[in-house]
Protein chains: 2
Amino acid sequence: MSKQDAEGQVLAQLAEVVGCSPLAREPLSAEQSSELARVFKAMGDPVRLRLLSLIASHAGGEACVCDLTDVFDLSGPTISHHLKVLREAGLITGERRGTWVYYRVRPELLAQVATVLEPAASDALPVVEA
Amino acid sequence: MSKQDAEGQVLAQLAEVVGCSPLAREPLSAEQSSELARVFKAMGDPVRLRLLSLIASHAGGEACVCDLTDVFDLSGPTISHHLKVLREAGLITGERRGTWVYYRVRPELLAQVATVLEPAASDALPVVEA
DNA sequence: CCCCTGATTCGACGGCTGTCAAGGTAGACG
DNA sequence: CGTCTACCTTGACAGCCGTCGAATCAGGGG
């Protein structure tokens with residue numbers, strides 16, 4: 001619950017601070033770049049990035065921790081640590097159902113991040129605008 | 001020159017390895033996630049992210065190092081270090097013209113990264129398709 | 001109630017990273 | 001040539017980060 005709130009706040013902060021301002025439109029403020037960097041930092045690890053893709057592409061949009069652990073040559077605690085980092089960055093959410101814990105991605109956050117990146121490409125790739 | 005080649009190879013590798021495979025479509029391989037993580041890691045620092053936006057949004061699409069250094073309360077070598085990280089990640093390119101060195105972003109790489117992120121959002125936000 | 005499994009937290013350790021001061025290189029200008 | 005400015009490289013150091021083993025927490029059955 002408090003954990004859920006914290007996750008929600010991360011997303012809300014990102015939405016508020018970053019908004020839809022494209023990277024190439026205007027320079028990021030110190031605050032904006034700190035918020036955004038937190039997300040990129042979380043994605044800046046091969047294991048976490050793979051975890052993210054495993055969860056995102058898993059059937060039903062969610063994956064149990066035990067499914068994820070088997071994929072890597074890493075200890076349980078290490079996987080748990082990486083999942084925590086992703087959670088605290090607002091990229092995924094975790095829910096306990098009985099014995100198992102299921103994780104799913106937050107598509108909204110990924111969409112926001114993509115929005116920040118994309119317009120920079122519009123200088124190179126012509127985009128049809130309304 | 002060898003430096004330029006190295007930068008080009010990073011981009012080529014990313015293009016080859018990552019391609020246009022969306023995050024939520026299928027799980028990333030260990031190799032793919034390592035390549036992608038390298039880029040996210042480079043963006044996972046507030047200073048570097050801000051440098052990136054400063055360069056991207058600067059008039060003419062390029063910025064001189066001296067323009068960038070003044071923005072931060074950081075020493076010259078530190079800025080130079082961050083620029084090197086961004087360069088080795090394939091996110092920017094540097095060119096010396098006389099006394100000054102000018103940096104500009106690689107929109108292609110940003111576009112590719114955005115492509116990897118975006119399709120995950122299409123599950124949440126309805127998208128109009130042709 | 002005790003144990004068994006799944007998952008997280010804790011404590012510790014090695015390696016990586018951001019930072020700076022000092023020194024080095026490249027080009028411009030006399 | 002000498003020197004000045006712009007930028008980079010090196011070396012060093014503190015702090016962070018990924019990893020593990022051990023301990024701990026949460027449920028589900030005997």
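Chain letters run A, B, ... following the sequence lines, proteins first and then strands; every chain starts at 1. Source: prediction; values computed, not measured.
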Novice: Of the nucleotides C/dT19, D/dC8, D/dG28, which one has an atom closest to the side chain of B/L83?
Specialist: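 Among the listed nucleotides, the one closest to the side chain of B/L83 is D/dC8.
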
Novice: Does anything in residues 59-73 of chain B come within less than 4.0 Å of DNA chain D? Heavy atoms only, and list the residues if so.
Specialist: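 Only B/C64, B/V65, B/C66 qualify.
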
Novice: For B/K41 and C/dG18, give me the distance from atom NZ to atom P, rounded to whole Å.
Specialist: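 About 8 Å, once rounded to whole Å.
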
Novice: Among C/dC20, D/dT9, C/dG27, find the nucleotide with the atom closest to the side chain of B/S75.
Specialist: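 So the side chain of B/S75 is nearest to C/dC20.
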
Novice: Could you check whether A/R97 makes a cation-pi contact with A/Y102, meaning its NZ or CZ is under 6.0 Å from the centre of the six-membered ring and within 45° of the ring axis?
Specialist: yes

Novice: Take the protein atom CH2 of B/W100 and the nucleotide atom P of C/dA28, then report the distance between them rounded to whole Å.
Specialist: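 For the pair B/W100 CH2 and C/dA28 P, the rounded distance is 9 Å.
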
Novice: Assign each of A/G98 and A/G76 to its nearest nucleotide of DNA chain D by heavy atoms, then name whichever residue's nucleotide is nearer the 5' end.
Specialist: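 With A/G98 and A/G76 compared, the 5'-side residue is A/G76.
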
Novice: What integer distance in Å separates B/R96:CZ from D/dT5:C1'?
Specialist: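 Taking CZ of B/R96 and C1' of D/dT5, I get 10 Å after rounding.
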
Novice: Any base atoms under 4.0 Å from B/R48, or only sugar-phosphate, or nothing? Heavy atoms, all strands.
Specialist: sugar-phosphate

Novice: Would you indicate what B/Y102 reaches in the nucleic acid, counting non-hydrogen atoms under 4.0 angstrom: base, sugar-phosphate, or nothing?
Specialist: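 No contact at all - B/Y102 keeps every heavy atom at 4.0 Å or more from the nucleic acid.
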
Novice: Mind calculating the distance between NE2 (A/H82) and P (D/dC17) to the nearest angstrom?
Specialist: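 Spelled out: NE2 on A/H82 to P on D/dC17 is 12 Å.
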
Novice: Under 4.0 angstrom, heavy atoms only, what part of the nucleic acid is B/L74 near: base, sugar-phosphate, or nothing?
Specialist: sugar-phosphate

Novice: How many whole angstroms separate atom CZ of A/R87 from atom C1' of C/dT9?
Specialist: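 So the CZ-C1' distance, A/R87 to C/dT9, works out to 11 Å.
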
Novice: Please report, rounded to the nearest Å, how far the P atom of D/dG28 is from the CZ atom of A/R97.
Specialist: 13 Å

Novice: Provide, to the nearest angstrom, the distance between the CG atom belonging to B/D45 and the C1' atom belonging to C/dT19.
Specialist: 11 Å

Novice: Remember a base hit wins even if backbone is also touched, and classify A/H81 as base, sugar-phosphate or nothing at under 4.0 Å, heavy atoms.
Specialist: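 Touches a base.
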
Novice: If we check side-chain contact (heavy atoms from CB on, under 4.5 Å) with A/L83, which of these qualifies: A/V101, A/T78, A/I55?
Specialist: A/I55

Novice: State the CD-OG distance between A/Q32 and B/S53, to the nearest 0.5 angstrom.
Specialist: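 Going from the CD atom of A/Q32 to the OG atom of B/S53 covers 8.5 Å.
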
Novice: I'd like to check the salt bridge (charged side-chain N to carboxylate O under 4.0 Å, His left out) partners of B/R104; sequence neighbours left out, ordered by chain and number.
Specialist: B/E62

Novice: Nearest nucleotide by nearest heavy atom, which residue falls closer to the 5' end of DNA chain D, B/T99 or A/T78?
Specialist: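 Of the two residues, B/T99 wins.
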
Novice: Any idea which heavy atoms bring A/A63 and A/H58 closest together, and the distance?
Specialist: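 Minimum heavy-atom separation between A/A63 and A/H58: CB-CG, 3.8 Å.
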
Novice: Identify whether NZ of Lys or CZ of Arg in A/R87 sits under 6.0 Å from the centre of the six-membered ring of A/Y103 and within 45° of that ring's axis.
Specialist: no

Novice: Between P on D/dC17 and CD on A/E88, what's the gap in Å once rounded to a whole number?
Specialist: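 Rounded to the whole Å, the gap is 11 Å.
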
Novice: Check every atom of D/dC8, C/dT9, D/dC20 against the side chain of A/K84 and return the nucleotide holding the closest atom.
Specialist: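 Within the option list, the nearest is C/dT9.
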
Novice: Do the side chain of A/R106 and the main chain of A/L91 share a donor and acceptor less than 3.5 angstrom apart?
Specialist: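 Not at all, since once roles are kept as given, no pair shorter than 3.5 Å links the two residues.
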
